[in-house]
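Comments concern the structure below.
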Amino acid sequence: MSEKIYSDIQRKKTSIIDSLIHLGIYKKGNKQLYELTLHELETEYQIVNPAIRDLSF
């Protein structure tokens with residue numbers, strides 16, 4: 001995976017994690033947010049914020 005793609009994924013994960021923390025979500029099940037994949041984070045964000053369909057952070 002190229003360095004740019006990796007950094008883009010990390011930046012998006014960080015942004016979603018920050019948004020979830022702002023909403024009071026710190027864990028999913030017994031996993032910390034930083035342990036989740038980008039897909040899992042996006043899914044969790046859509047669950048807690050169903051009005052938001054576009055995840056372009």
Side-chain angles (χ1 to χ4, degrees):
M1 181 180 315
S2 80
E3 188 67 31
K4 179 171 177 5
I5 293 172
Y6 179 77
S7 69
D8 288 345
I9 290 170
Q10 287 305 115
R11 186 172 42 254
K12 190 166 184 178
K13 283 179 69 171
T14 300
S15 181
I16 295 172
I17 288 170
D18 290 344
S19 296
L20 288 169
I21 289 172
H22 181 74
L23 293 169
I25 311 286
Y26 303 98
K27 293 177 83 176
K28 180 178 181 190
N30 59 355
K31 285 187 173 182
Q32 298 292 327
L33 294 177
Y34 69 86
E35 297 177 282
L36 301 176
T37 66
L38 177 58
H39 178 73
E40 290 171 321
L41 288 167
E42 289 174 334
T43 301
E44 185 65 19
Y45 190 74
Q46 288 177 340
I47 289 169
V48 298
N49 240 338
I52 304 211
R53 293 290 173 214
D54 180 23
L55 293 176
S56 50
F57 286 93

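Keep in mind that what you see is a predicted model, and the values were worked out from it rather than measured. We're numbering straight along the sequence, starting at 1. Just the heavy atoms: all of them, side chains too, but no hydrogens, waters or symmetry mates, feed the values below.
- Nearest heavy-atom pair, L23 versus Y45, reported as atom, atom and distance to 0.1 Å: CD1-CE1, 3.9 Å.
- The distance from the CG atom of L38 to the CD atom of Q10 is 9.0 Å, given to the nearest 0.5 Å.
- In the hydrophobic clustering of this structure, I25 does not group with I47; members are Ile, Leu, Val, Met, Phe, Trp, Tyr whose side-chain heavy atoms approach within less than 4.5 Å, directly or through other members.
- Taken to the nearest 0.5 Å, the CD1 atom of I16 stands 8.5 Å off from the CD atom of Q46.
- Between D8 and K4 a salt bridge is recorded (basic side-chain N to carboxylate O distance below 4.0 Å).
- Contact annotation: the side chain of K12 approaches that of E42 to within less than 4.5 Å [non-hydrogen atoms, C-beta and beyond].
- T43 places a side-chain N or O within donor-acceptor distance of the main-chain N or O of H39, the cut-off being under 3.5 Å.
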### Task
Report the C-alpha separation of K13 and I9 in whole Å, then their side-chain angles, then the decisive distance to 0.1 Å, and conclude whether the side chain to side chain contact (heavy atoms under 4.5 Å, CB included) test is met.
CA-CA 6 Å; K13 283 179 69 171; I9 290 170; 4.1 Å; yes
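- Pairing each heavy atom of Y26 with each of I21, the nearest pair is CE2-CG2, 3.7 Å.
- Between the CG atom in L41 and the CG atom in L33 there is a gap of 6.5 Å [rounded to 0.5 Å].
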